[in-house]
Structures are given as structure tokens and as C-alpha cells.
Amino acid sequence: MIRILVSVAPIDLAGEMARVERQDVGAVASFCGLVRADDGVDQLELEHYPGATEAALDRIAHEAVERWSLQAATIVHRVGPMRPGERIVLVAAAAPHRRDALDACAYLIDRLKTDAPFWKRETRGDEARWVEARESDTNAAERWTQ
Amino acid sequence: MIRILVSVAPIDLAGEMARVERQDVGAVASFCGLVRADDGVDQLELEHYPGATEAALDRIAHEAVERWSLQAATIVHRVGPMRPGERIVLVAAAAPHRRDALDACAYLIDRLKTDAPFWKRETRGDEARWVEARESDTNAAERWTQ
Amino acid sequence: MTLTILYFAWVRERIGEAEETVTLPSHVVTVADLVAWLSARGGGYSEAMAAPERLRAAIDQNFVGLDAAIGGAREVAIFPPVTGG
Amino acid sequence: MTLTILYFAWVRERIGEAEETVTLPSHVVTVADLVAWLSARGGGYSEAMAAPERLRAAIDQNFVGLDAAIGGAREVAIFPPVTGG
């Protein structure tokens, strides 16, 4: 019921959603983060901490399952180089009722942003830079602990 | 950027998500409601008010677009008879940033539950019954007006 | 005045038809008046309209309260609380 | 005591390697001590460790504050604030 995947392969949205829907679910909420094509980025590269990343994602998914009444929690994160328009991350939560699915989905992505060891590097033309962490992400994650 | 579809055809999740992702989006949040297979229902039938239903969904989508910074808002609702495990509804919101997408997605489904003229009839064996409206749905919709 | 009335879900089932066209008597001003007038026909009508607090309505495809005036509307729909999604 | 140190993102780039194994001197007790000790090597190390408040760490794959004691850990990772998702 918990599925964690960190891979260089493109994210198979339809396949992942089909896995989640395969159970007796009433509600599936999902979130996809994509490489934005509108701010001049030619390539985004995702670095991660092998082992620790998967453990962190597994912990986040288990926290969601403990907190809400879920039938499935999925976190799929791509690593390596990717192009504008491609999917970086997919999280999904399935539940008998929609409020659990919606809240758990928001939790999964908010937590992932601050608690999982990934680092983004953007390339624009000849220039590469590491993306800075944003305070708004810390705030979004912290609202779940209040 | 706003897409409304009410149809007897099965909901094409992958196709709808591809439409939403086609734009310069950074975040897509979606919600799918399915016929639950775990409570003995053999068939669910959805009745709607042709014309008024599409107008109501269009109004809900426009409200979301006014309220959040969105690049796309999609509401696809199936009508007619359907089986356990099939999708009843798909809503999706695309935005540059995730908070807008997540909140708008929750808004679309909460509003749809109370503001769009659909009626569900469940069949279990020989017995058919009209599903009763739930007070929790009214409360969920009202939290957006506070 | 000629008015099309639409029925949905169990209101439709109890009445036995989805749509009809009526000529309203002058004392029928609001949707609640219409509900009372239809209910007085007896049979499936009174059964469908037995609990007006369980009914919802739209005038020309806009949701309204039962106290709304029908005015020059072309279409009134009467139905149970909605259960989509 | 032998310890594997992992570097990620711009910490890795500035140091010029992703991983090394070191024998810690006894005065290196916390991650902050380790950062100071590495920084004293100069060059890419001091560049990478110039602003300890911008660094995050994990001990044996668990996130910790820089004041955490390394104890008998096998692996310490030093990296910038995370930016996934």
C-alpha cells in the first residue's frame, strides 16, 4: 500500500495512478511537480542521497498512513537530468473519503520538500546554479506540526 | 484553460492530465472520485440536469481561476451507469506553484459536491436507492466562504 | 403563463415523468406555491412533494430557494439535494 | 576512528569529491567540529564550509543539527538545505 520509487526513468503517471486505483478506493488525490518551461531553464538536474532518500520518503509515507485513513500512499521522484515539461515528482493518496486523500496528498508533497535529501541544479544556457531552499517550503511543512 | 466535460464515456485520466500538463505549468493537483467496490454496490447511476450541470461546473471552475493563480482548471464528470472501480469524477488544477494547485483542486471538488446538479443512485442486488446528501459536504463547501 | 417543469432523481421517479408543460394559475407566485399546487394533484405528485424541506429548485437553470418568485421564467426544475462527485 | 564523509550538491562541487574516508582526531566530537576541522584544510574545503549556517547534515542517514555528536557513527553527510519536489 506504500510505494516509494526514486529513479532516473520518466514518471509513468498513468501506471502509477492505475496501481493506486487498483484497490477498493473511493478517492484519489495526487500532485505532480514539473520542470517549468517558462523561466528560461534548459535543463534541471536532481541529485539525491541514495538510501537516505528512499528511507526519508518511506518515513513520510508512513507518517501520512498513521495520520489519515488511507488505502495507498505513493511517492515517485525522478533523479538525474530532465527537460522542461517533464515530471519531477508524483505523490498520490488513496482513501475511502476525499478529505483524507486531499489532506494526505498535500502532506506528502509539503513534507517531501523539506525532509527528503534532493538537490536541484538548473541550467540556463551556459550557466548552472543550485536552487536555493525556500522559506515558504519550511512554513508549509511546519503547518502540519501545529 | 478551463475544460468542462460531462459524458457517459469512461474518464480518460491520462489524456486529461496530458491536456493540463501541456502548458507551462509547475504544479498539477488532481482528484479522482471512484465507485467504491467495498460496500456491496453493483452499479452506480449518475443523473444530471443537462445544460444546468455544465453551467454550474463552468461557474465553479471560473471561481477557482479568479481565486487562485491557475494555468488550467479541468472538471470531467461521468453520467449514466458505472461499475465499482470506475471513475465518477476528475478535477485538476495547474499552477506555477503547488499551494495554488492544491487549494484550487480541493475547492473544485468541494464545490462540485454541493453546487452541481448530479444525483447518484446505487444498486445492490435487486435494490436501488438514491444516495442521500451529506451534511459534511455542505460543511466542506462552506469552509471556502469563510 | 406557460412553464416547463423538470423533475430529477426520486422526484422524477415518484411523479413518473421527467418534464411537463403547465399553465400556471395566478395564485402560484413562488416555487413553494408551485410545489403546493403540484402536491394537490395527489398520487405521485403528493408523494414527491410530501416534504418540501427535502426539495431544491432551479429557475431557468439557476439554483434558488423555494421562496423565490417564478416571475416570467421559462423553466423550473424541482429535485432532491444534489449528490454528485 | 574511521568515518565515511559524503558531500552533496554545491558542497560536493566545491570540495571536488563526493566521498572520502577519514580518521577523526579526538577533539572532533560534533558535526560542527567536523566542519571546522575540514574547513581548516583550506581550498575547496574552506570554500564549501565558509558559512556553516547554510549547511545541513545527516549521521548514518538521519538528519541532525550541526551540534549533534558523531559518536560511533559510520557515515556523516554534509550538504545544503534540500530542494526536492
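We name chains A, B, ... by the order of the sequence lines, and we start the count at 1 in each one. These figures come from a predicted structure and were not determined experimentally.
Between Phe31(B) and Val28(A) the shortest side-chain heavy-atom distance does not fall below 4.5 Å. With contacts defined as side-chain heavy-atom distances shorter than 4.5 Å, the pair Arg36(B)/Asp24(A) does not qualify.
The CE atom of Met17(A) sits 4.5 Å away from the OG atom of Ser30(B) when rounded to the nearest 0.5 Å.
Contacts between Asp12(A) and chain B at a heavy-atom distance below 4.5 Å are absent for every atom of the residue. For Pro96(A), the parts lying near chain B are the backbone and the side chain together; criterion is any non-hydrogen pair under 4.5 Å. Only the backbone of Val35(A) comes within contact range of chain B, judged by heavy atoms closer than 4.5 Å.
Electrostatic pairing of Arg98(B) and Asp137(A) counts as a salt bridge here, judged by a charged N lying under 4.0 Å from a carboxylate O.
Residues of residues 103-126 of chain B lying under 4.5 angstrom from chain A, judged on non-hydrogen atoms, are Cys105(B), Ala106(B), Ile109(B), Asp110(B), Lys113(B) by number. Within residues 54-65 of chain A, no residue has a heavy atom under 4.5 Å from a heavy atom of chain B.
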